Number of protein chains: 2
Amino acid sequence: MWPRCFIVLRGGMNAIAYNRLRSAWLCTQDMTLNALRHIPLLADAPAHLLDELARESRQRVLSRNEILFAQGSPALTAYFVLSGRVRLMQHTTDGQDVAMGVFVPYEPVGLLVAIVGAPYPGACEALDHTTVLAVSAASIARVMSQHPPLMLKVIKMMHARLTEANDRIRELAAERVERRLARVVLRLANKVGVKEEVNGASRIRIDMPLSRQNLAELAGTTLHTVSRILSDWQRSGLVDTGREHLVILRAHDLVLVAEDIAPTEDARSRSS
Amino acid sequence: MWPRCFIVLRGGMNAIAYNRLRSAWLCTQDMTLNALRHIPLLADAPAHLLDELARESRQRVLSRNEILFAQGSPALTAYFVLSGRVRLMQHTTDGQDVAMGVFVPYEPVGLLVAIVGAPYPGACEALDHTTVLAVSAASIARVMSQHPPLMLKVIKMMHARLTEANDRIRELAAERVERRLARVVLRLANKVGVKEEVNGASRIRIDMPLSRQNLAELAGTTLHTVSRILSDWQRSGLVDTGREHLVILRAHDLVLVAEDIAPTEDARSRSS
DNA sequence: CGGAGCGTTGATGAAAATCAAGCTGTGTGG
DNA sequence: CCACACAGCTTGATTTTCATCAACGCTCCG
């Protein structure tokens with residue numbers, strides 16, 4: 001598709017402009033190739049396959065809250081996040097949204113559905129200014145059939161996702177909201193946490209804009225309950241939180257909440 | 001491992017007994033091969049691979065409530081259910097069990113973890129008198145590497161499971177218990193339902209022993225709540241249920257409950 | 001300055017867990 | 001063959017958790 005595009009463009013511009021664009025394109029190609037090399041899933045694929053993929057993929061830039069794909073639309077392309085963050089969510093019939101996960105650079109999104117040819121089971125939204133690499137399902141299929149070890153890696157990655165999904169099911173079925181929220185926050189800290197030192201104290205900042213609503217959709221509750229719990233945590237010095245930001249102050253104690261080894265003071269006072 | 005076992009046995013028996021056992025073994029081999037052919041995952045694998053697998057796999061018989069493998073133990077073997085039903089469950093730290101699913105003949109169990117070399121994330125228990133086929137992780141890995149299309153089928157199967165897991169997450173996060181229970185029952189009906197005609201009325205019997213506790217673990221609730229809801233459904237003629245059995249009388253109306261198109265009379269009266 | 005979007009907090013009520021007690025069918029051992 | 005123990009089930013009462021409703025505060029931005 002790209003070459004054809006070039007021919008069309010060439011008709012309307014002089015040789016210098018064409019060459020400038022061409023070198024920009026080559027540069028983009030080069031960057032794309034470079035990006036592909038960072039993707040763990042493709043880490044040990046042979047070079048010629050990466051070249052092939054780079055030629056057949058396109059970058060797409062999303063601004064905050066922009067939708068990458070909608071729930072139920074046919075999954076003709078798979079994406080790899082290159083920078084920023086996206087989240088996957090499913091709408092319920094009664095209008096709520098449930099978040100299925102947050103994806104960070106070099107993670108695939110919609111890869112599995114593109115492989116098996118199912119429609120996207122949820123919508124994908126940029127949480128931030130984000131760039132993704134779009135690869136057609138056909139390219140993915142061809143590359144995979146040419147390089148079977150890649151399938152094994154896909155299986156491993158899917159296993160990790162399935163494990164996380166099972167963890168969430170277990171939590172949602174058996175655990176209280178405060179604990180679930182603690183796990184959500186810790187999981188996010190693992191993905192996008194940045195360690196900071198302030199006054200000799202070590203803190204973990206969640207490096208993305210994160211509203212109460214977002215957290216509620218991840219924890220399976222309402223923004224009100226999230227707000228109350230975060231206020232409690234704030235009061236007991238566990239976190240520092242405010243409008244769309246969250247910093248974990250005492251990670252160890254938050255783990256205790258997540259594991260329910262010691263309920264917070266406030267959880268107890270709220271319940272008394 | 002089998003041949004060695006034979007040599008040992010042979011030492012302690014006469015030729016006739018040996019030959020009888022040998023033919024029994026060959027017969028079992030044959031049955032195993034036949035069983036393998038019924039497994040959709042292996043449906044279009046070449047014959048010699050099936051032979052290989054048949055030689056390297058063993059059948060195992062489980063009686064009701066027997067544990068096939070424990071949560072956290074290393075997944076050195078994958079299983080295929082041949083008859084009966086098993087369920088997968090995870091224990092929570094505070095002693096509850098959450099069911100991850102019910103598996104019926106020709107479905108794989110523990111296949112993924114065997115492939116990726118992770119420990120079993122949950123325990124597997126026979127719900128009924130059950131036979132399974134045990135295949136070592138090593139055999140699976142070898143066969144898969146010899147026949148890449150098999151990996152693609154594994155990916156498709158995983159996708160189905162991941163989709164179901166996501167559905168459950170959405171339900172648990174956003175839906176009321178009655179609706180979730182209705183979905184659980186309908187899902188079971190799809191898997192193990194037997195259509196029956198009684199007095200001209202069509203019913204679907206859930207063909208497995210199924211306690212309130214089992215249902216509660218599948219729906220993410222308590223046996224008390226399950227009992228109350230089933231009593232309500234019974235009163236309104238939706239189902240016929242009793243000690244470890246469940247028959248759907250008006251499947252269509254149960255779907256309405258699952259989709260929350262029309263709440264049952266009793267759900268409304270309970271709430272008033 | 002005013003509105004939109006996000007967050008907090010109190011009050012209330014509904015859903016479902018928990019506590020408690022008793023029932024019933026099934027299998028078992030005397 | 002009966003009694004009895006037990007596992008599964010039912011149901012009422014109470015309590016807890018959390019969603020919902022409602023109101024208001026803060027802050028950013030046009």
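Computation of the quantities below employed the complete heavy-atom set of this structure, encompassing side-chain atoms and omitting hydrogens, waters and symmetry-equivalent molecules. Worth saying up front: this structure is predicted, and the values here are computed from it rather than measured. Below, read A as the first sequence line, B as the second, and so on, with proteins coming before strands; counting in each chain starts at 1.
Every residue two or more places apart in sequence or in another chain that forms a side chain to side chain contact (heavy atoms under 4.5 Å, CB included) with B:R250 is listed here: B:L238, B:D253. Every side chain to side chain contact (heavy atoms under 4.5 Å, CB included) that B:V226 has, sequence neighbours left out, goes to B:L181, B:R212, B:L215, B:A216, B:T221, B:L230. Partners of A:T93 under the side chain to side chain contact (heavy atoms under 4.5 Å, CB included) rule, at least two apart in sequence or in another chain, are B:R179. Residues passing the side-chain hydrogen bond (donor to acceptor under 3.5 Å, both in side chains) test with A:Q71: none are found, sequence neighbours excluded.
Rounded to whole Å, the distance from CZ on A:R235 to P on C:dT9 is 5 Å. In this entry the distance linking CG of B:D232 with C1' of D:dC9 reads 15 Å, nearest Å. Between the CZ atom of A:R64 and the C1' atom of D:dC29 there is a distance of 14 Å, rounded to whole Å. In this structure, B:E175 places its CD atom 18 Å from P of D:dC18, rounding to the nearest Å. Rounded to whole Å, atom C1' of C:dA17 lies 12 Å from atom CZ of B:R180. Rounded to whole Å, the distance from CD1 on A:I229 to P on C:dT9 is 13 Å. Note: CH2 (A:W233) to C1' (C:dG7) measures 16 Å, nearest angstrom. As rounded to whole Å, 11 Å separates atom P of D:dT10 from atom CG of B:L246.
Looking at which nucleotide of DNA chain D each of A:V177 and B:E244 is closest to, the 5′-most match is held by B:E244. Nearer to the 5' terminus of DNA chain C, by closest-nucleotide assignment, is the contact made by A:N65 (compared with the other of A:N65 and B:R176).
Closest to the side chain of A:S211, out of D:dG8, D:dT11, C:dG7, is C:dG7.
Of the residues in residues 213-225 of chain B, those placing a heavy atom less than 4.0 Å from an atom of DNA chain C are B:T221, B:T222, B:H224, B:T225, in numerical order.
With contacts defined as side-chain heavy-atom distances shorter than 4.5 Å, the pair B:V102/B:V86 does not qualify.
With A:W233 as reference, A:L254 is the one residue of A:L254, A:D240, A:T241 to meet the side-chain contact (heavy atoms from CB on, under 4.5 Å) rule.
B:R212 comes within 4.0 angstrom of sugar-phosphate atoms only, judged by non-hydrogen atoms across all strands, and of no base.
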A:E66 vs A:S63, side chain to side chain donor-acceptor pair (under 3.5 Å): CA-CA, chis, key distance, verdict = CA-CA 6 Å; A:E66 201 176 337; A:S63 47; 3.2 Å; yes
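A:H91 and A:D97 make their closest contact through ND1-OD1, 2.5 Å (heavy atoms, listed as atom of the first residue, atom of the second, distance).
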Under 3.5 Å, which protein N or O atoms sit close to an N or O of nucleotides 11-13 of chain C? Give each pair with its distance.
{"residue": "C:dA11", "atom": "N6", "partner": "A:R228", "partner atom": "NH2", "Å": "3.2"}

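Close to C:dT9, at under 4.0 Å from its OP1 or OP2, lies a side-chain N or O of A:S231.
Taking CE from A:M158 and CG from A:L111, the interatomic distance works out to 7.0 Å, rounded to the nearest 0.5 Å.
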